[in-house]
There are 2 protein chains.
Amino acid sequence: MLPENTRRSLPMALLHAREAVMARFRPMLAAHDVTEQQWRVLRVLSEAGPVEATELADRASVLPPSLTRIIKALEGRKFITRNKAEGDGRRVVLTIAPAGSALIDALSPERRVIYDDIEQRFGHEKLEQLLDLLESLIDGES
Amino acid sequence: MLPENTRRSLPMALLHAREAVMARFRPMLAAHDVTEQQWRVLRVLSEAGPVEATELADRASVLPPSLTRIIKALEGRKFITRNKAEGDGRRVVLTIAPAGSALIDALSPERRVIYDDIEQRFGHEKLEQLLDLLESLIDGES
DNA sequence: CGCATGTAATTAACGCGTTAACTACAACAA
DNA sequence: TTGTTGTAGTTAACGCGTTAATTACATGCG
């Protein structure tokens, strides 16, 4: 059955929900002049150590063309370093730099506060339930 | 508590879920050379009749600057018409044109099939549950 | 070796999201 | 009427998503 109104449309609901959640994080990122995607890339590099570009794009949920641009921006600000892989001239290895780690450390507490607040307002049970449903939806469609 | 892995992160989950759902609709829209946002604007105009730009942007969940670009594109293809409102030289009234209605009619059946398929695979109950949770999340954060 | 095929990354082109600035017009008060 | 304030819409600038094309290198086959 087609959704009768746009508010009960799944794509719309997902769009609005993400928008509502991200609105809480955006000011924090903007204050440090980092985009949401740059932040995801930095987090992956911080947690996973040196990683090749393809895996980084996959983990950070960023498309390869976007990753190329993000790498340029982050490298220009000395947040990461970019090197060719030994033994394969095509591959590129990215590593977080001290300035990048410093940014992660600076923002993590604030990030935790925001996430906790969302979880508290929405409810722990409902959050787990929502995450389960989303995971199921993703697996079913992919 | 911070999400330990990115797969259980709410922003990520919402992003992936929407991506998974939209992947089903994208080929249909691409085949007719219409973007997702242009499609939303057309649908609103089709269902609600002539509407002013501000209300249209709100209903279609598109920001004003984007709407300006979308209007240009749709007007250029004769899908909609654009007129100044009587009595207020600032306001703009958008109306769907025959070619626009024809596109709506042409795509609606296919859209229904895709939506039904998603609902069947995911489950009617779970879909309703998910929509309820998303609505609650949106209301709680906004 | 030489050539075809495959893969990693980049570039290009276009549209939208986002924020801020700007234009045009309306409403209202002095 | 004039000047101020407010509103609707547009423009600008920058970054990302998306798709397709392109470059650089690796692999494998003859």
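To find a chain, count down the sequence lines: A is the first, B the second, and so on, and within it residues start at 1.
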Colleague: Would you tabulate the nitrogen or oxygen pairs shorter than 3.5 Å linking the protein to nucleotides 15-17 of chain D?
Modeller:
| from | atom 1 | to | atom 2 | distance (Å) |
| --- | --- | --- | --- | --- |
| D:dC16 | OP1 | A:T35 | OG1 | 3.2 |
| D:dC16 | O3' | A:Q37 | NE2 | 3.0 |
| D:dG17 | OP2 | A:S66 | OG | 2.4 |
| D:dG17 | N7 | A:R69 | NH2 | 2.8 |
| D:dG17 | O6 | A:R69 | NH1 | 3.4 |

Colleague: Between C:dT7 atom P and A:D88 atom CG, what is the distance in whole Å?
Modeller: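 Going from A:D88 (CG) to C:dT7 (P), I get 13 Å.
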Colleague: Atom CD1 of B:I71 and atom C1' of D:dT10: how far apart are they, to the nearest Å?
Modeller: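 Those two atoms, CD1 and C1', are 10 Å apart.
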Colleague: In this structure, how many angstroms lie between the C1' atom of D:dC14 and the CD atom of A:E36, rounded?
Modeller: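 Distance, rounded to whole Å: 16 Å.
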Colleague: Send over the distance from A:D33 CG to D:dC14 P, rounded to a whole Å.
Modeller: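 Whole-Å distance recorded here is 12 Å.
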Colleague: Are side-chain N/O atoms of A:R43 and A:S46 paired as donor and acceptor at under 3.5 Å?
Modeller: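 No pair is found: no donor N or O on one side chain lies under 3.5 Å from an acceptor on the other.
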Colleague: Look at B:R90 and D:dG9 and indicate whether a side-chain polar atom (N or O) is within less than 4.0 Å of OP1 or OP2.
Modeller: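 For D:dG9, OP1/OP2 do not have a side-chain N/O of B:R90 under 4.0 Å.
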Colleague: Do any N or O atoms from the side chain of B:Y115 and from the backbone of B:E110 form a donor-acceptor pair under 3.5 angstrom?
Modeller: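 Answer holds: no.
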Colleague: If only side-chain N and O atoms count, and only distance matters, is there a donor-acceptor pair under 3.5 Å linking A:R111 with A:S108?
Modeller: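 Side chains of A:S108 and A:R111: no pair found under 3.5 Å.
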Colleague: With side chain to side chain contact (heavy atoms under 4.5 Å, CB included) as the criterion, how do A:E36 and A:M22 come out once you've worked through the C-alpha distance, each side chain's angles and the decisive distance to 0.1 Å?
Modeller: CA-CA 9 Å; A:E36 184 193 331; A:M22 286 315 301; 3.6 Å; yes
Colleague: List the steps, then state whether side chain to side chain contact (heavy atoms under 4.5 Å, CB included) holds for A:R40 with B:L15.
Modeller: CA-CA 13 Å; A:R40 287 210 302 266; B:L15 179 65; 3.9 Å; yes
Colleague: Nearest whole Å is fine: how far is D:dG9 P from B:D58 CG?
Modeller: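 That distance rounds to 12 Å.
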Colleague: For D:dA8, take OP1 and OP2 only and decide whether either is under 4.0 Å from a side-chain N or O of B:R82.
Modeller: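 No, B:R82 has no side-chain N/O under 4.0 Å of OP1/OP2 on D:dA8.
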Colleague: Can you find a side chain N or O atom of A:K84 that sits less than 4.0 Å from OP1 or OP2 on D:dA26?
Modeller: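 No, A:K84 has no side-chain N/O under 4.0 Å of OP1/OP2 on D:dA26.
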Colleague: Out of A:E128, A:K126, A:Q120, which one pairs with A:H124 under the side chain to side chain contact (heavy atoms under 4.5 Å, CB included) rule?
Modeller: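 Passing option: A:E128.
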Colleague: Taking CE from B:M22 and P from D:dT18, how many angstroms apart are they, rounded to a whole number?
Modeller: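 To the nearest whole Å, that distance equals 10 Å.
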Colleague: Considering heavy-atom distances to DNA chain C, does A:P64 or B:G87 have its closest nucleotide positioned more toward the 5' end?
Modeller: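 In this pair, the answer is A:P64.
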